[in-house]
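Worth saying up front: this structure is predicted, and the values here are computed from it rather than measured. All ligand and atom numbering here is 1-based and tracks the order in the structure. When a residue number appears, it is its place in the shown sequence, counting from 1.
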Amino acid sequence: MQAISGGLRVKPAPFVRHVPKTLDEAVRILSRVAAQDGRVLAGGQSLVPIMAFRLAKPAHLVDINEIEALGRIANDGRTLRIGALVRHAAFHKSVVDNPLGRLLAVVARSIAHYPIRMRGTFCGSLAHADPAAEWCLVATTLDASMVAVSTRGERAIAAKDFFTGIMSTALAENELLSEVRLPLLANDTKFGFNEFSRRAGDFAMSAALVTFRLRNGTIVDARVGVGGAEPFPRRIAQAEAALNGQAPSDAVFRAAAEAAAATVDAMEDHQTSADYRRDLVRAVVRRALEQAAQ
Ligand SMILES: Cc1cc2nc3c(=O)[nH]c(=O)nc-3n(C[C@H](O)[C@H](O)[C@H](O)COP(=O)(O)OP(=O)(O)OC[C@H]3O[C@@H](n4cnc5c(N)ncnc54)[C@H](O)[C@@H]3O)c2cc1C
């Protein structure tokens, strides 16, 4: 335990840093300090900047960086299990001989900048739940399962129930996200990813991830996920319906993109209007579909 106080002239408000060596120890500490806005510290790439601005003033940080067991990626034959300390950069190369490995490598390149990818974690990104975070889009589109651990035990939360609002999740304040499980993809899965941001490395203003398979020349098992447009990413059933049973073509892709644009309740913010964001959804979905079909 290490006390960091205002007397040290650091930017954040005073806090106590705990450095557990095991997951059990971490959840025990978290259960004790959660009520005093105790927080998990993973890569620190989101939490530390907001602490420096004093937008967050946690009295305790449970720093999980020395829990070796959380740094593992495992393939159990059905799912890829990604531990809480696996950094974005782990996915620069394919981590599994499956279309999922290639998909993750394509998406990883769009997350922030290289130094941030070296520290930031997959699970930290899910817990932080920025509407435009690429891993949140991946988890939603592929129906991931999140494993939450507390002193009461472990529970799995489906991605569709995990994100509850802008930067809000179903995690209780005393729960640690220990692992995310992503289903491996069928070998013939095609995928495409596209996002739009004003500058390279910025959060996307809209992003789309699509996957589908072809059976006798027609699309089956279509998934269309959209992020950055609404408070949290989601699959767009109307766009998927526009694809399934159709042969891939420019007209079909445009119809699916139109369905996505018509369905989203696009956010408005300091960057852009809802109408413009809706146009972006149309564009990123169409481009992701074109990429998948190549
Ligand atoms: C300039 C800049 C640009 C960025 N651009 C992008 C981008 O384009 N796309 C993108 O996705 N991200 C972007 N990020 C954010 C980056 O990806 C972060 O790494 C990520 O959001 C959080 O991961 P972390 O491990 O750093 O979490 P931390 O900063 O350590 O924690 C973030 C929050 O999640 C909680 N948390 C972390 N891990 C856990 C856990 N295992 N269990 C429970 N709670 C947990 C923390 O308590 C905290 O509230 C950017 C960041 C910066 C500074």
Taking atom CD as the centre, does Q36 end up with more than 12 heavy-atom neighbours from other residues, nucleotides or ligands that are less than 6.0 angstrom away? yes

min-distance protein heavy atom vs atom 29 (O) of ligand 1 -> L47 N, 2.7 Å

Which bit of D130 gets closer than 4.0 Å to ligand 1, counting heavy atoms only: side chain, backbone, both or neither? neither

In terms of atom number and element, which parts of ligand 1 are under 4.0 angstrom from non-hydrogen atoms of A133? 11 (O)

Flag the pair L289 / L243 as yes when at least one side-chain heavy-atom distance between them is below 4.5 Å, and no otherwise. yes

Checking a contact table here: which protein heavy atom is nearest atom 25 (O) of ligand 1, and how many Å away? T121 OG1, 2.6 Å

Validation: residues 231-238 side-chain donor-acceptor distances under 3.5 Å, sequence neighbours left out:
| from | atom 1 | to | atom 2 | distance (Å) |
| --- | --- | --- | --- | --- |
| R234 | NE | E230 | OE1 | 2.6 |
| R234 | NH2 | E230 | OE2 | 3.0 |
| R234 | NH2 | T263 | O | 3.4 |
| R235 | NE | E240 | OE2 | 2.8 |
| R235 | NH1 | D143 | OD2 | 2.8 |
| R235 | NH2 | E240 | OE1 | 3.1 |
| R235 | NH2 | E240 | OE2 | 3.4 |

Quick check: W135 and ligand 1, any N/O pair under 3.5 Å apart? no

Could you go through the side-chain contact (heavy atoms from CB on, under 4.5 Å) check for F163 and M146 one step at a time? CA-CA 11 Å; F163 301 106; M146 327 299 189; 4.2 Å; yes

Distance in Å, Q246 CD paired with I219 CD1, rounded so as to fall on 0.5 Å steps: 7.5 Å

Quick check on contacts: which atoms of ligand 1 are under 4.0 angstrom from a heavy atom of S125? 11 (O), 20 (C), 21 (O), 22 (C), 23 (O)

Within-4.5 Å side-chain heavy-atom neighbours: D269 and R277: yes

If you count the atoms of ligand 1 from 1 in the order shown, which ones are under 4.0 Å from a heavy atom of H88? 16 (C), 17 (O), 18 (C), 19 (O)

Which residue from R39, M167, R117, E134 reaches closest to atom 11 (O) of ligand 1 through any of its heavy atoms? E134

Protein contact to atom 35 (C) of ligand 1 [nearest heavy atom, distance to 0.1 Å]: A127 CB, 3.8 Å

heavy-atom search around atom 33 (C) of ligand 1 in the protein gives H128 ND1, 3.8 Å

Is the shortest side-chain heavy-atom distance between Y114 and H92 below 4.5 Å? yes

What protein heavy atom sits nearest atom 15 (C) of ligand 1, and how far off is it? S46 OG, 3.5 Å

Between ligand 1 and G43, is the shortest N or O to N or O distance under 3.5 Å? yes

Students should be able to answer this: which protein heavy-atom is nearest to atom 37 (C) of ligand 1, and at what distance? G124 CA, 3.5 Å

Just to be sure I read this right, does ligand 1 sit under 4.0 Å from the backbone of A84, its side chain, both, or neither, counting only heavy atoms? side chain

How far is atom 13 (C) of ligand 1 from its nearest protein heavy atom, and which residue and atom name does that atom have? F203 CZ, 3.1 Å

N or O pair under 3.5 Å between L41 and ligand 1: no

Just verifying a value: how many Å separate E134 CD and F203 CZ, rounded to the nearest 0.5 Å? 7.5 Å

Within 6.0 Å of CZ in R155, more than 12 heavy atoms from elsewhere: yes

At a non-hydrogen distance cut-off of under 4.0 Å, which region of I116 contacts ligand 1 (side chain, backbone, both, or neither)? side chain

Check this for me - ligand 1, G120, N or O atoms closer than 3.5 angstrom, yes or no? no

In ligand 1, which numbered atoms sit nearer than 4.0 Å to a non-hydrogen atom of A112? 3 (C), 4 (C), 5 (N), 6 (C), 7 (C), 8 (O), 50 (C)

The atoms of ligand 1 lying under 4.0 Å from a heavy atom of Q45, numbered in the order shown, are 18 (C), 19 (O), 26 (O), 29 (O), 51 (C), 53 (C)

Between the side chains of E290 and R286, is the shortest nitrogen-to-carboxylate-oxygen separation below 4.0 Å, so that they form an ion pair? yes

Just to verify, which of L80, L142, N98 counts as forming a side-chain contact (heavy atoms from CB on, under 4.5 Å) with L104? L80

Less than 3.5 Å between some nitrogen or oxygen of R119 and one of ligand 1, yes or no? no

Any nitrogen or oxygen of H113, main chain or side chain, under 3.5 Å from a nitrogen or oxygen of ligand 1? no

List the steps and the verdict of salt bridge (Lys or Arg N to Asp or Glu O under 4.0 Å) for R28 and D24. CA-CA 6 Å; R28 265 188 278 116; D24 272 1; 5.3 Å; no

What I'd like to find out is whether the side chain of L103 reaches to under 4.5 Å of the side chain of L209, using heavy atoms alone. yes

Does the pair D37/R39 count as a salt bridge with the N-to-O cut at 4.0 Å? yes

With only distance considered, is A132 within less than 3.5 Å of ligand 1 through an N or O on each side? no

Using a 4.0 Å cutoff against the non-hydrogen atoms of D202, which atoms of ligand 1 qualify? 8 (O)

Can you find an N/O atom of L177 closer than 3.5 Å to an N/O atom of ligand 1? yes

Show, in sequence, the C-alpha distance, side-chain angles and deciding distance for V285 and F253, and conclude whether the side-chain contact (heavy atoms from CB on, under 4.5 Å) test is met. CA-CA 8 Å; V285 170; F253 291 167; over 6 Å; no

When distances are taken from atom 28 (P) of ligand 1, the protein heavy atom at minimum range is G44 N, 3.4 Å

Quick check: V40 and ligand 1, any N/O pair under 3.5 Å apart? yes

Shared hydrophobic cluster, L177 / V86 (ILVMFWY, side-chain heavy atoms < 4.5 Å): yes

